[in-house]
*Asks:* 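Please find one structure pasted underneath; my questions will follow.
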Amino acid sequence: MPATDLHLAVEIAPWWTTAVYEHAGTVHPVYFAGHARLPSGVIPDPATGTLLTGTAALTAGLLAPDGYRPDPMALAQTGTGTEPVAAVLAHVANHVCSLAGTPVTTLTIVTATVWGHRARQRLQQAAHHAGLPVPGIVTAGAALSAGTATAGRFALVATAAPDLTILDLEGDYQQVAHADIRDPGHPDIDTALVARLADPPPTGWQVVREVRQARTVLAGQPRASLLLPAPHPAAVLERADVTAAAAPHLARIPEAVTQALTDADLDTADVTTVIVAGDDAVLPDLAAAVTATGLPAAVVVDDPHAVTRGALRITRPRAGATAPSGVTAATGRLPRTRITLTNLVRVAILAAASVALLLQTIATADIGRIGGDITGVLLPVENIGLAAALAVLTAWTAAQLVPTTWLTSAHADDDVTTGTLLRRGYLGAAALGLAVAGLWGLGAGVGVGVTDPAYLETALTCAVPLAACAALIALVAPRIPQDTVASWLVHASPPVTAIALAAAGVYLQRAAFTYTFPVDLIGTKGPVQIAGAILLGVATALTATRQPLLRLITAVVLGGGYALVSSVSTIPYLTWAYIAVLLWWAGTTTATTITAATPQAGTWLKRWTHQTR
C-alpha cells in the first residue's frame, strides 16, 4: 500500500476494543494510555449531551450505571442505534491518526459472527458518521484464521463464548458452519459465576464486567478478587469455580462439533487446523475438549491484537474501497490528527523564505542620496513579488492542516464536516495571504524610505492570482467525494521543498551580486552565484511538473542552463519565470480540484478542447 495510506482495523467487542493499523508498510498494535485494550462502552455526557467513550465513559458509568452502554456493537446489530459505534470508531481513529500523523484511508471492522445485510449497512452508516471510509467487515473467526499459521483448507475456530466456527480458508475465509456451545439446562458461564458471589446474586453490568475481568485473571492465577456494587462486599473467584461453571457446556462440544461438521458437509479429517482463542480461564478445558473429538491439537491464541491483525491481513488487498455515492467532504468528516513537527516545519520554511527574501531586498537596496534626501532606489521588485507569493502559499499550507488537525481533545469528535473546514481554511488563507502580501509591498517602501506604488502593485500582482485560486478551492472543495479527500490534500499541498530551493537560489544570486551574506564571509561570489542559479533552475523544474522522469530531465537542463546564463541582467527574468511557474502550479491545482468536485466540468473541458482543435 502507498506510504501515505493508513489502514485501520478495529474490533469493538462487548467489553473491550482493540485495534491495529498499517502505515508505510508496517503494522502497529494500538495502545491506549499504555493498555492494549480500550473499554468499549459509551455514556452521554450530562454537560454536553455528546457520547463519552473509553476510560472517561467507564468512569462516568460507574457513577451513573443506568446510562452506560457496554456493548455498542449489539446496539448497531439490533438496530437500536449506530451513534455509540460511531463514537467509539471516532475515538480510536482520532487516537491512531495522532500517532501516525495522517488520516485513515482504509477501515476494517470485526464482528463476532456473520451479520445480515441491514446490520452491515448500519455499521457502514456508523463509519460514515465517524468520518471514516466505507469499512471492510470480517468476522472474528475469519480474522483469527488469517492471522494464525494454518494448514489445509478448513479450519475450526473455538472461542471462550463458548462457540465454534468452521471456515473455508481457500474460499476467502468463508464461514461454512457455526455452533454455540450451550447446555440449555444450565445457566451460561457468567450467570453461574455471578450466582457464586452472593445470595441473592448481585445484578448490573458492573458485576458482569468484574466477572469477565476475573476470568481473564484466572487464566494465569489461581484466584481473583472482584469489587461488587454496594451493599455487597468484595468477593473472590477461583479457577475451579470457572471450571465448574463451564463444565456442563463444554460437555456438549462433541455434539456441537458433529453438528457443525454435518452443516458444513465435512468429515473430521477435512479439518486440518484448530484454533482456540481468548484470554480466559476456560481456554485450557476448551482446547482439551475440542481435541478429544478427534480433531488436530489446538493452537491457542491469547494475543489481544490477534483478531485485528488477521482482519488487517484479510482486507489489505481491498484497500481503497469507494464511498457510497453522494458522500462528499460537505457531508462527511475525516478524523482529526495532532499537529506534527513536519506540519509546522513546512509552514515555517515558507514563512522564513518569504521574510528572508523581503529583508534581503530591503537591506541590499541601492539608495541614492543627495544630502539627507533620497533621490532614487534600485532594488529587485521581482523579489518583492516572490516574497508576497510565498506569503500566500504559507497561508495555503497552513490551510491544509485545518481539515485533519485538532488542537484540543475537547473538539476531537465534533460534528464539523471536512467540507466546512476546507472552506474556512482556504478562505482564511486567501484573505490572510493577500493581507500579508499587501503589507510586504508597503513594508518594502517603508524599509527603503520611499513610498513607491510599484512595490505594492508588484506584491499584489503576484499574490492576487494565488489568493483567487485559494478562494476558488474553498468554494468547490466541499463537493469533493469523501473517499478522495485524503489523496486530494496530498495533491494540493504546495511543493515546499522546491519552493525552498527556489527561494535559496534567488537569495544566493542576490547575495553574489551585492557582496552580502554569505558571500562576504567566503570572499568570492562565483560559486555562490552558480549555486544559486542551479538551485533556481532545479526548483523551477520540480515545481512545473509532477512526472518523475520529466522532472529529472528538466532539472538537469534548467539547472545547467541557469548556471550559464545567470547575470545581473538575467536574474530578474529567471525570478519572474519562477513566479510564473508558481502561478501555473496554483492554476493546475485549482483545475484539478474543480474536476474532482464537479466531474461534469472535466467532461465539458475535454469536449471544449476537442472542438477547438
Side-chain angles (χ1 to χ4, degrees), residues 346 349-350 353-354 357 380-397 399-400 426 429-430 433-434 437 457-477 487-506 533-559 561-562 565 570-598 601-602 604-606 608-609 612:
R346 287 173 57 83
I349 287 175
L350 292 180
S354 177
L357 287 176
V381 292
E382 65 278 0
N383 286 16
I384 297 176
L386 181 56
L390 297 190
V392 179
L393 290 177
T394 301
W396 184 312
T397 305
Q400 287 257 299
Y426 276 91
L434 200 57
E457 292 174 359
T458 302
L460 294 180
T461 297
C462 297
V464 166
L466 293 171
C469 288
L472 189 56
I473 287 175
L475 295 177
V476 301
S487 59
W488 172 82
L489 284 170
V490 175
H491 183 87
S493 179
V496 174
T497 301
I499 294 173
L501 292 177
V506 172
I534 292 174
L535 288 177
L536 183 56
V538 171
T540 303
L542 297 180
T543 308
T545 179
R546 301 176 188 269
Q547 299 298 325
L549 180 59
L550 187 56
R551 274 185 163 185
L552 176 62
I553 296 173
T554 310
V556 172
V557 173
L558 292 184
Y562 278 28
V565 303
T570 59
I571 287 177
Y573 298 104
L574 302 183
T575 304
W576 280 118
Y578 186 73
I579 294 173
V581 169
L582 278 182
L583 299 181
W584 164 260
W585 174 88
T588 56
T589 300
T590 305
T592 301
T593 304
I594 294 173
T595 302
T598 54
W604 176 85
L605 183 60
K606 290 180 180 179
W608 181 82
T609 304
T612 55

*Asks:* If I take atom OG1 from residue Thr593 and atom CD1 from residue Ile473, how far apart are they, to the nearest 0.5 angstrom?
*Replies:* 4.0 Å

*Asks:* How close do Val496 and Leu350 get, counting heavy atoms only, and between which atoms?
*Replies:*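 Smallest heavy-atom distance, with atoms named: CG2-CD1, 4.1 Å.
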
*Asks:* Do you know the tightest heavy-atom contact between Leu550 and Thr554?
*Replies:*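 Shortest heavy-atom contact: O-OG1, 2.7 Å.
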
*Asks:* To the nearest 0.5 Å, what is the distance between OG1 (Thr458) and CG (Asn383)?
*Replies:*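 Interatomic distance, Thr458 OG1 to Asn383 CG, rounded to 0.5 Å: 11.0 Å.
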
*Asks:* Do Trp585 and Ile499 come within less than 4.5 Å of each other through their side chains, counting heavy atoms only?
*Replies:*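 Side-chain contact under 4.5 Å: no.
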
*Asks:* Ignoring hydrogens, what is the shortest heavy-atom contact between Ala498 and Ala539? Give both atom names and the distance.
*Replies:* O-CB, 3.1 Å

*Asks:* Shortest non-hydrogen contact from Arg346 to Pro494?
*Replies:* NH2-O, 3.0 Å

*Asks:* Looking at Arg546 and Arg551, what are the two nearest heavy atoms and their distance?
*Replies:*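 Closest approach of Arg546 to Arg551: CA-NE, 3.9 Å.
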
*Asks:* Compare all side-chain heavy atoms of Pro465 with those of Trp584 and state whether any distance is below 4.5 angstrom.
*Replies:* no

*Asks:* Should the ring pair Tyr426 and Trp396 be called parallel, tilted or perpendicular, given that the plane angle runs from 0 to 90° and is split at 30 and 60?
*Replies:* perpendicular

*Asks:* Any side-chain heavy-atom pair from Leu434 and Leu466 closer than 4.5 angstrom?
*Replies:*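 No; the side chains remain at least 4.5 Å from each other.
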
*Asks:* Minimum heavy-atom separation for Ala389 and Cys462, please, with both atom names.
*Replies:*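 That would be CB-O, 4.3 Å.
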
*Asks:* For Val506, which of Leu501, Ile579, Leu536 qualifies under side-chain contact (heavy atoms from CB on, under 4.5 Å)?
*Replies:*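 Exactly one option meets the side-chain contact (heavy atoms from CB on, under 4.5 Å) with Val506, and it is Leu536.
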
*Asks:* Can you tell me how far OG of Ser354 sits from CD1 of Ile349, rounded to the nearest 0.5 angstrom?
*Replies:* 13.5 Å

*Asks:* Thr543 side chain to Val581 main-chain N or O, any donor-acceptor pair under 3.5 Å?
*Replies:* no

*Asks:* Rounded to the nearest 0.5 Å, how far does CD of Glu382 lie from OG1 of Thr461?
*Replies:* 13.0 Å

*Asks:* Quick one: which of Leu574, Thr540, Ile553 gives a side-chain contact (heavy atoms from CB on, under 4.5 Å) with Leu558?
*Replies:* Thr540

*Asks:* Measure the OG1-CH2 distance between Thr589 and Trp488 for me, rounded to the nearest 0.5 Å.
*Replies:* 9.0 Å

*Asks:* Should Leu582 and Leu386 count as side-chain neighbours, where that means a heavy-atom distance under 4.5 Å?
*Replies:* yes

